[in-house]
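All remarks here apply to the structure that follows.
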Amino acid sequence: YYQAPVTMEAPRGLPGRFESFVHVLRAAGLGDLAPLQARLSAWVGILAGFRPDLVVCEHSPTALLASRALRLRCVVLGAGASVPTPGPPLGLLPDVPRDAARLAALAAEETALCGLAERALRSLGAGRLARLGDLYGDAVACWILTFPELDVLGPRRDADYLGSWSGPRRGGFRWSSEGRPRILAYLSSLRVTGGLVEALARSGAEVRVVGGGEAARQAALTRSGLDV
């Protein structure tokens, strides 16, 4: 067991409203050079000790930097919002106005943050980082743990959607039919009425039900011809 490197102090200068993944990375501590250098050095020590053939990172930006410093192959995964689209701006949220001034300000923040990350890499004698998006874009694979319809930054073509890992299903998610309506029933609980189950079953659509719940409820949905 190895403790992941952490910084105990809260990051400074965070915006009141997050608009892109740059703000997420600042909240993760990439905006303060000295603490970032300390965490990066610690991550490099851990990864150099194991020397893995592949590093799988779920919202682990400093581990991604350390993997880059050691030239290790990486896979990034997460539930959509934690795996940014390349940008720039990196991981722009869908409700952010696309006016030129706003986009320019976000791009400037991204450039500044990329500069800090590159300085941290160079302090270890590592190569340069041209864009923050390269941390994620250079990964050998991108696994999204949700569905294209629920990806807040998607759908995207350069990722593998693996669906939800919270339930009994494992593996990828693919619609099996062409030309039929498609219904994705995303339920936080499967305590649903029989009427809803019957309506979904009679709809003539291909229906996928995602959610947690009692085994009996899942069995009832399955008996109704729905894919749970």
Side-chain angles (χ1 to χ4, degrees), residues 4 11 14-31 54-68 73-98 102-103 106-107 109-110 113-114 117 129 131-176 181-190 205-213 218 226-228:
L14 293 180
R17 178 175 183 263
F18 283 20
E19 296 183 327
S20 78
F21 202 75
V22 170
H23 298 148
V24 176
L25 291 177
R26 286 178 60 188
L30 265 69
L54 182 70
V55 181
V56 180
C57 296
E58 180 180 8
H59 188 47
S60 310
T62 314
L64 279 172
L65 277 172
S67 300
R68 190 177 189 87
R73 299 165 75 241
C74 292
V75 168
V76 293
L77 80 158
S82 61
V83 181
T85 48
L90 185 69
L92 185 65
L93 296 179
D95 61 341
V96 175
R98 264 60 173 175
R102 184 70 250 151
L103 294 179
L106 290 172
E109 287 188 69
E110 184 172 329
L113 196 65
C114 183
L129 181 66
R131 299 185 314 129
L132 275 179
D134 291 344
L135 278 179
Y136 299 87
D138 290 346
V140 298
C142 176
W143 298 338
I144 306 298
L145 308 184
T146 186
F147 307 96
E149 294 84 353
L150 300 179
D151 183 1
V152 68
L153 299 177
R156 35 188 137 182
R157 297 179 179 177
D158 57 346
D160 295 316
Y161 286 94
L162 304 184
S164 171
W165 283 14
S166 59
R169 174 185 294 273
R170 295 294 185 269
F173 171 80
R174 297 289 186 274
W175 294 105
S176 60
R182 296 168 175 175
I183 297 176
L184 177 63
Y186 184 68
L187 309 174
S188 60
S189 171
L190 290 183
E206 180 180 355
V207 181
R208 299 290 181 95
V209 179
V210 181
Q218 295 208 12
L226 305 182
D227 189 3
V228 181

**OP:** Find the distance between CG (Leu113) and CG (Leu30) and round it off to the nearest 0.5 Å.
**Re:** 5.5 Å

**OP:** Measure the spacing between CZ of Arg68 and CG of Leu129 and express it to the nearest 0.5 Å.
**Re:**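 Going from CZ on Arg68 over to CG on Leu129, the span is 5.0 Å.
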
Sidechain-backbone polar pair: [X] side chain, [Y] backbone, donor-acceptor under 3.5 Å:
X: Ser67; Y: Leu65; answer: no
X: Tyr161; Y: Arg156; answer: yes
X: Glu110; Y: Leu132; answer: no

Original post:
Is it true that atom CZ of Arg73 has more than 12 heavy atoms of other residues, nucleotides or ligands lying nearer than 6.0 Å?
Top reply: no

Are [X] and [Y] close enough that some pair of their side-chain heavy atoms sits under 4.5 Å apart?
X: Pro11; Y: Arg26; answer: no
X: Val22; Y: Leu106; answer: no
X: Leu150; Y: Leu184; answer: yes
X: Arg131; Y: Leu90; answer: no
X: Val83; Y: Leu77; answer: no
X: Leu135; Y: Val76; answer: no
X: Leu93; Y: Arg17; answer: no
X: His23; Y: Leu14; answer: no

Which atom pair, heavy atoms only, marks the closest approach of [X] to [Y]?
X: Gly80; Y: Asp151; result: CA-OD1, 3.4 Å
X: Ala81; Y: Phe21; result: O-CE1, 3.4 Å
X: Ala205; Y: Pro181; result: CB-O, 3.2 Å
X: Ala79; Y: Thr146; result: C-CG2, 4.3 Å
X: Cys57; Y: Leu64; result: SG-CD2, 3.9 Å
X: Ala159; Y: Ile144; result: CB-CG1, 3.6 Å

Original post:
If you measure from the Lys or Arg side-chain nitrogens to the Asp or Glu carboxylate oxygens, is any gap between Glu19 and Arg102 under 4.0 Å?
Top reply: yes

Original post:
Do Val96 and Ser20 pass the side-chain contact (heavy atoms from CB on, under 4.5 Å) test, and can you show the C-alpha distance, the side-chain angles, and the key distance before you say yes or no?
Top reply: CA-CA 8 Å; Val96 175; Ser20 78; over 6 Å; no

